[in-house]
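Take a look at the structure below.
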Amino acid sequence: MRISDKARIAIFVGTLCSVSYFAVYIARNALSAVTPQMLEGGFTEGYIGKISSVYFIVYAIGQLINGFIGEKIKARYMISFGLILAGVCNFIFPMIADNQYGAIVVYGMMGFFLAMIYGPMTKVVAENVEPIYAPRCSIGYELASFLGSPSAGLLAVFLSWQGVFMSNSVVLLLMGCVAFCVFLAFERKGIISYGRYSAAKQGKGKIKILFKHQIVKFCLIAILTGVVRTSVVFWLPTYLTQYLGISSQSSAAIFSAVTFVMATITFITVFVYERLKRNMDMTILLLFSISFVAFVSVYFVKATVLNIILLVIAIMSSMGVSTMMWSRYCPGLRDTGMVSTVTGFLDFLSYMAAAVANLVFANAVTAIGWGNLILVWTGLVAFGVIISLPYKRKTKSET
């Protein structure tokens with residue numbers, strides 16, 4: 001097969017996955033975007049907080065379960081049915097929002113259905129795209145995830161909160177049908193195939209293979225980056241208003257601008273990765289080191305504009321580590337036959353860590369103050385630097 005044909009396959013598969021994932025992230029960020037409208041409509045922060053917490057917990061557990069199932073069932077069914085069923089939940093939610101328990105159940109189910117997408121999608125990329133193109137192919141759906149939040153915000157500007165969920169429902173249902181048809185066409189043309197790679201060993205043999213692929217290191221990376229890229233970003237608007245004294249209106253505008261800037265980290269990370277001769281470990285070490293220096297600077301620099309710039313650099317650098325994990329490490333496991341399982345497990349760790357961090361940070365702001373919380377964030381990325389340091393495995397002759 002010519003190189004151009006391989007690149008074309010990467011474009012086809014990458015585009016399909018990116019559009020599907022963009023729909024997922026708009027739906028994921030819908031509740032956050034419409035919260036002000038719902039509060040004005042009589043709903044309480046506690047009510048919305050319960051729905052959000054249940055969603056993230058179920059989403060994390062769903063990643064774990066669906067990652068395993070994704071090894072057994074074709075991505076065509078996992079991705080298309082996940083999108084369609086999530087679309088149904090989006091349609092039902094505004095109709096039963098006044099019923100707290102019903103709303104929690106429906107929104108939690110949506111989290112599980114949306115968790116059917118990522119593991120199988122990564123497996124498709126890993127097994128059908130040449131390794132040299134896989135990280136570039138993954139850029140698309142990484143970028144789509146970053147753009148989901150501001151896109152959901154734009155919908156909330158023009159539509160009622162009920163209209164946002166209804167529009168998401170239409171998009172998800174349509175995208176689910178399109179994904180099913182396009183996957184089927186790709187399968188018939190031989191662009192996508194399944195079962196090319198399978199786990200060579202069972203039981204303990206699988207664990208040994210994963211240890212050789214630095215699974216412990218990347219479990220820790222999933223936890224650390226999950227906290228920074230999800231939880232720290234969540235508290236960023238509050239940080240701007242409470243710590244830097246910026247008005248809530250200006251804080252919202254700055255946050256919107258920052259989310260668009262953060263979306264560029266996917267391209268920056270791949271650029272750095274290429275400049276470092278595709279050395280994943282050195283790229284991760286460099287990005288964690290930049291994040292550490294930036295967080296330290298945030299603690300000492302009080303000038304508002306410079307403080308914001310440094311904080312954005314700190315968060316983006318940590319996001320870059322996450323990008324390397326999802327776009328390089330996970331697809332690189334294709335020879336193990338466990339891409340979907342490992343991807344789902346790492347995503348589970350990432351979101352569970354973020355859920356716990358959200359609760360801890362909420363209390364920490366009152367207990368220790370923003371300054372000390374910055375030191376906590378600094379400590380997290382410092383640990384990231386430590387686990388990213390190169391080390392030499394001892395051979396039998398050295399023991």
Side-chain angles (χ1 to χ4, degrees), residues 9 12-25 27-28 58-90 108-129 134 137-138 140-141 144-145 172-203 205-207 209-210 326 329-351:
I9 289 175
F12 287 156
V13 175
T15 300
L16 175 60
C17 292
S18 298
V19 176
S20 300
Y21 211 47
F22 183 56
V24 169
Y25 261 77
R28 279 191 47 185
V58 174
Y59 182 83
I61 295 172
Q63 289 287 357
L64 186 65
I65 296 172
N66 289 315
F68 174 77
I69 296 175
E71 302 288 2
K72 313 295 181 181
I73 299 178
K74 289 183 178 181
R76 170 169 34 117
Y77 298 114
M78 292 290 290
I79 293 175
S80 60
F81 288 169
L83 291 168
I84 290 171
L85 292 172
V88 173
C89 290
N90 267 264
M109 289 173 62
M110 186 184 75
F112 185 86
F113 295 140
L114 290 179
M116 293 172 66
I117 315 299
Y118 193 68
M121 185 173 68
T122 304
K123 181 179 176 67
V124 165
V125 171
E127 294 189 346
N128 293 278
V129 175
C137 181
S138 301
Y141 54 83
S145 69
L172 289 167
L173 290 169
L174 180 62
M175 192 60 227
C177 295
V178 170
F180 184 90
C181 295
V182 175
F183 265 108
L184 181 60
F186 282 1
E187 290 168 13
R188 290 180 175 177
K189 291 183 178 181
I191 295 176
I192 290 177
S193 60
Y194 304 97
R196 295 174 60 190
Y197 301 90
S198 58
K201 299 180 180 180
Q202 302 295 322
K206 288 184 177 182
I207 303 299
I209 291 173
L210 291 179
W326 304 127
Y329 175 72
C330 290
L333 296 172
R334 71 174 185 173
D335 292 336
T336 69
M338 293 180 280
V339 173
S340 182
T341 299
V342 174
T343 300
F345 179 67
L346 292 177
D347 221 7
F348 163 78
L349 290 178
S350 178
Y351 280 99

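Starting from 1, each residue takes its place in the sequence as its number. Just the heavy atoms: all of them, side chains too, but no hydrogens, waters or symmetry mates, feed the values below.
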Determine whether Val88 and Leu172 make a side-chain contact, defined as any pair of heavy atoms from C-beta on separated by less than 4.5 Å.
no
Does any non-hydrogen side-chain atom of Cys89 lie less than 4.5 Å from one of Phe113?
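Sidechains of Cys89 and Phe113: in contact.
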Measuring from atom [atom1] of [X] to atom [atom2] of [Y], what distance do you get when rounded to the nearest 0.5 angstrom?
X: Thr343; Y: Leu64; atom1: OG1; atom2: CG; answer: 12.0 Å
X: Leu83; Y: Tyr21; atom1: CG; atom2: OH; answer: 11.5 Å
X: Met78; Y: Ile69; atom1: CE; atom2: CD1; answer: 5.5 Å
X: Ile73; Y: Met116; atom1: CD1; atom2: CE; answer: 7.5 Å
X: Ser80; Y: Leu173; atom1: OG; atom2: CG; answer: 12.0 Å
X: Ile79; Y: Ile84; atom1: CD1; atom2: CD1; answer: 12.0 Å

Could you give me the CA-CA distance, side-chain angles and deciding distance for Ile65 and Phe348, then say whether side chain to side chain contact (heavy atoms under 4.5 Å, CB included) is met?
CA-CA 9 Å; Ile65 296 172; Phe348 163 78; over 6 Å; no
What residue pairs, at least two apart or across chains, pass side chain to side chain donor-acceptor pair (under 3.5 Å) with a residue in residues 174-188?
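Qualifying pairs: Arg76-Glu187, Glu187-Tyr194.
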Derivation of the side chain to side chain contact (heavy atoms under 4.5 Å, CB included) call for Leu85 and Phe112:
CA-CA 10 Å; Leu85 292 172; Phe112 185 86; over 6 Å; no
Determine whether a donor-acceptor pair (N or O, by modelled atom type, separation under 3.5 Å) exists between the side chain of Ser350 and the backbone of Leu346.
no
Applying side chain to side chain donor-acceptor pair (under 3.5 Å), name anything that partners Tyr329, two or more places apart in sequence or on another chain.
none
Could you pull out all residues at least two apart from Asn90 that satisfy side chain to side chain donor-acceptor pair (under 3.5 Å)?
none
Is the Phe180 ring parallel, tilted or perpendicular to the Phe81 ring (thresholds 30°, 60°)?
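It falls in the parallel class, under 30°.
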Non-hydrogen atoms of Val58 and Gly111 that approach each other most closely:
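For Val58 and Gly111, the tightest heavy-atom pair comes out as CG1-C, 4.5 Å.
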Minimum heavy-atom distance between Leu114 and Ala86, given as atom pair plus value:
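It is CD2-CB, 3.6 Å.
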Apply the ring pair (Phe, Tyr, Trp, His ring centres under 6.0 Å) test between Tyr351 and each candidate in Tyr59, Tyr118, Phe345; give the one that qualifies.
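Among Tyr59, Tyr118, Phe345, the one that satisfies the ring pair (Phe, Tyr, Trp, His ring centres under 6.0 Å) with Tyr351 is Tyr59.
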